[in-house]
Number of protein chains: 2
Amino acid sequence: MDKEIIPEVVVARLPVYAQKLNQFLQEGRAIVSSNELAEQLGITASQIRKDLSYFGGFGKQGSGYDVITLLENLREILNLTHPWKVVLVGVGHLGSALLSYQGFARKGFEIALALDNNPELIGKVISGVEVRPVEQLEEWVKAEGVRLAIITVPASEAQSVADRLTEVGIRAILNYAPVTLKCPDGVHVSDIDPVLILQKMTFYLE
Amino acid sequence: MDKEIIPEVVVARLPVYAQKLNQFLQEGRAIVSSNELAEQLGITASQIRKDLSYFGGFGKQGSGYDVITLLENLREILNLTHPWKVVLVGVGHLGSALLSYQGFARKGFEIALALDNNPELIGKVISGVEVRPVEQLEEWVKAEGVRLAIITVPASEAQSVADRLTEVGIRAILNYAPVTLKCPDGVHVSDIDPVLILQKMTFYLE
DNA sequence: TAGATTGTTAATCGATTAACAATC
DNA sequence: TAGATTGTTAATCGATTAACAATC
């Protein structure tokens, strides 16, 4: 299972498969074929089988995939068998909303640390997490053993926050600030900018 | 400029170029080369020039691209020369945060309509927008002439909201609910699910 | 067994990159 | 003019799809 040779597009689809399998599981489905999965997700069955084949054979000819087994395997492949601590930097409107979102914890992502510069926020407890000063980023990230970060600070501050996070050992950053972050190789950065997405879509509208 | 033959990955990069050009503009830069842009964005200069060549030649051999001119051209290509009205469905934590976010309006996306089912929210004005019942989705979308939608309802309701939006003529949907939406061909759907992105990144962490 | 579906290979398709003539 | 950078072509690289033998 050499991670170097697995295309990133493939890795990105695995959580989508897991999400749909979870849904099937909740609906009480025990078995699912690549065709059914594909139809539900709007992709080809070939692609699903090819994607999974990078990691092994999880299905059974003639019937399909056992929902629970495949889900378990995907969770192991994605390192989701233990919870992950996350640091949230920036507790504005969006940061607060993410802090209140139960979907992270439900999926094993615990926001263990929230940082902001606003004196009125520091010390406040939001969704069970006390807001601490950004100044103390380094010590708290180390103290909590956090591995993942979510950036929800203004665009102008995002790069310097990213730099500090990288410096202190964070290797995966989910960036909500509307800038393209530059991070060293080996640091995984994903940007979520709704404006960029809307701007892509308006291309297709006349 | 036949939109059928332009790869979607290319279209998706244009807003990123525009974003960086905006930044250059604010910094007072008049001219930029594909090399400088590329280095800033972490991609190749070849790719930028190839992408732009789908739409014409905007640069000048020997010097590069005029920042203002290229930005103007990109804005026209992406249909960003006039503002777009957006409907927001679901005014929970995340919906409220998006409603308060000034970045949409600043980029020409006006949230003209906000819908929710919560009786305590209906009639309330948030960031200048009155919350109306989801029940009245069809009439208000028509009345306001909205073309784009943002979905921030719970996962269980997202598909039916998407169906109703599609039915009433919406052709571009930004979906924050953690489900894969199924929409007819011709409807552009982009999903933003932070959990899926974190799950992709944990693959690379041991 | 007969029918169905996987896992995998090979073919196709599409996107990225390198290279360079054109030209400012 | 000399130097630099574009726009574009051709080559490379990589991802998707089709097809089918294997097999449950």
Side-chain angles (χ1 to χ4, degrees), chain A residues 1-17 20-21 24 29-74 77 180 200 203, chain B residues 1-17 20-21 24 29-74 77 180 200 203:
Chain A
M1 209 189 299
D2 191 341
K3 307 205 166 177
E4 292 311 305
I5 63 161
I6 294 166
E8 199 173 325
V9 281
V10 172
V11 176
R13 280 192 293 263
L14 301 183
V16 181
Y17 300 161
K20 184 54 78 174
L21 287 167
F24 277 131
R29 294 285 310 270
I31 304 284
V32 69
S33 70
S34 58
N35 254 303
E36 288 169 286
L37 252 184
E39 207 222 342
Q40 287 289 315
L41 296 172
I43 59 178
T44 64
S46 265
Q47 184 163 72
I48 294 176
R49 296 202 300 275
K50 182 79 158 78
D51 285 354
L52 296 178
S53 76
Y54 281 100
F55 306 95
F58 306 113
K60 204 187 252 182
Q61 279 103 327
S63 58
Y65 300 87
D66 181 88
V67 173
I68 292 177
T69 307
L70 182 52
L71 193 47
E72 261 321 303
N73 277 289
L74 287 174
I77 291 165
T180 300
K200 173 186 86 176
F203 173 83
Chain B
M1 209 189 300
D2 191 340
K3 307 205 167 178
E4 291 310 304
I5 62 161
I6 295 166
E8 199 173 326
V9 281
V10 172
V11 176
R13 279 192 292 263
L14 301 184
V16 181
Y17 300 160
K20 184 54 77 174
L21 287 167
F24 278 130
R29 295 283 311 271
I31 303 285
V32 70
S33 70
S34 57
N35 254 303
E36 286 169 286
L37 252 185
E39 207 222 341
Q40 287 290 315
L41 296 172
I43 59 179
T44 66
S46 265
Q47 183 163 73
I48 293 176
R49 295 202 301 275
K50 181 79 158 76
D51 284 353
L52 296 177
S53 76
Y54 281 101
F55 306 95
F58 306 112
K60 204 187 250 183
Q61 279 103 327
S63 57
Y65 300 87
D66 181 88
V67 173
I68 292 177
T69 307
L70 182 52
L71 193 47
E72 260 321 303
N73 277 290
L74 287 175
I77 291 165
T180 301
K200 173 185 85 176
F203 172 82

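Chain A is the first sequence line, chain B the second, and so forth, proteins listed ahead of strands; every chain is numbered from 1.
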What residues form a side chain to side chain donor-acceptor pair (under 3.5 Å) with [X], not counting sequence neighbours?
X       : result
A/Asp51 : A/Arg13, A/Tyr17
B/Gln40 : B/Lys20
A/Asp66 : A/Thr69

With a 4.0 Å limit, can you tell me whether A/Ser34 has a side-chain N or O closer than that to the phosphate oxygens OP1/OP2 of C/dT5?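 No, outside the criterion.
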ask   = If only side-chain N and O atoms of A/Tyr65 are considered, is one of them under 4.0 Å from the OP1 or OP2 phosphate oxygen of C/dG7?
value =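 True: A/Tyr65 side-chain N/O within range (under 4.0 Å) of C/dG7 OP1/OP2.
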Calculate the interatomic distance between [X] atom [atom1] and [N] atom [atom2]; express it in whole Å.
X       : N      : atom1 : atom2 : result
B/Ile5  : C/dA15 : CD1   : P     : 11 Å
A/Tyr17 : C/dT6  : OH    : P     : 13 Å
A/Glu39 : C/dT5  : CD    : P     : 13 Å
A/Glu8  : C/dA15 : CD    : P     : 18 Å
A/Tyr54 : C/dT9  : OH    : P     : 12 Å
B/Ile48 : C/dT16 : CD1   : P     : 12 Å
B/Phe58 : D/dT5  : CZ    : C1'   : 17 Å
B/Phe55 : D/dG7  : CZ    : C1'   : 15 Å

I'd like to check the side chain to side chain contact (heavy atoms under 4.5 Å, CB included) partners of [X]; sequence neighbours left out, ordered by chain and number.
X       : value
A/Val32 : A/Leu21, A/Phe24, A/Arg29, A/Glu36, A/Leu37, A/Tyr65, A/Val67
A/Ser63 : A/Lys60
B/Val16 : A/Thr180, A/Leu196, B/Leu41

Holding to salt bridge (charged side-chain N to carboxylate O under 4.0 Å, His left out), I want the full list of residues that pass it with [X], two or more places apart in sequence or in another chain.
X       : answer
B/Glu72 : B/Arg75
B/Arg49 : none
B/Glu8  : A/Lys200

- Gap separating the CD1 atom of B/Ile77 from the CZ atom of B/Phe55, nearest 0.5 angstrom: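 It is 5.0 Å, given to the nearest 0.5 Å.
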>> Which helical stems does DNA chain C take part in, if a stem means at least 3 consecutive Watson-Crick or G-U pairs with both distances below 3.5 Å?
In response: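 Paired runs of 3+ in DNA chain C: C:3-24 with D:3-24.
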**Study point:** Nucleic acid contacts of residues 66-74 of chain A, taken as heavy-atom distances under 4.0 Å to DNA chain D
**Key:**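 Here the set is empty: none.
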- Message: Show the nearest heavy-atom pair for residues A/Ala38 and A/Thr44, with the distance to one decimal.
- Response: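 Minimum heavy-atom contact is CB-C, 3.6 Å.
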Protein-proximity profile, nucleotides 17-24 of chain D, B/S/- by nucleotide at the 4.0 Å heavy-atom cutoff, equals BBB--BBB
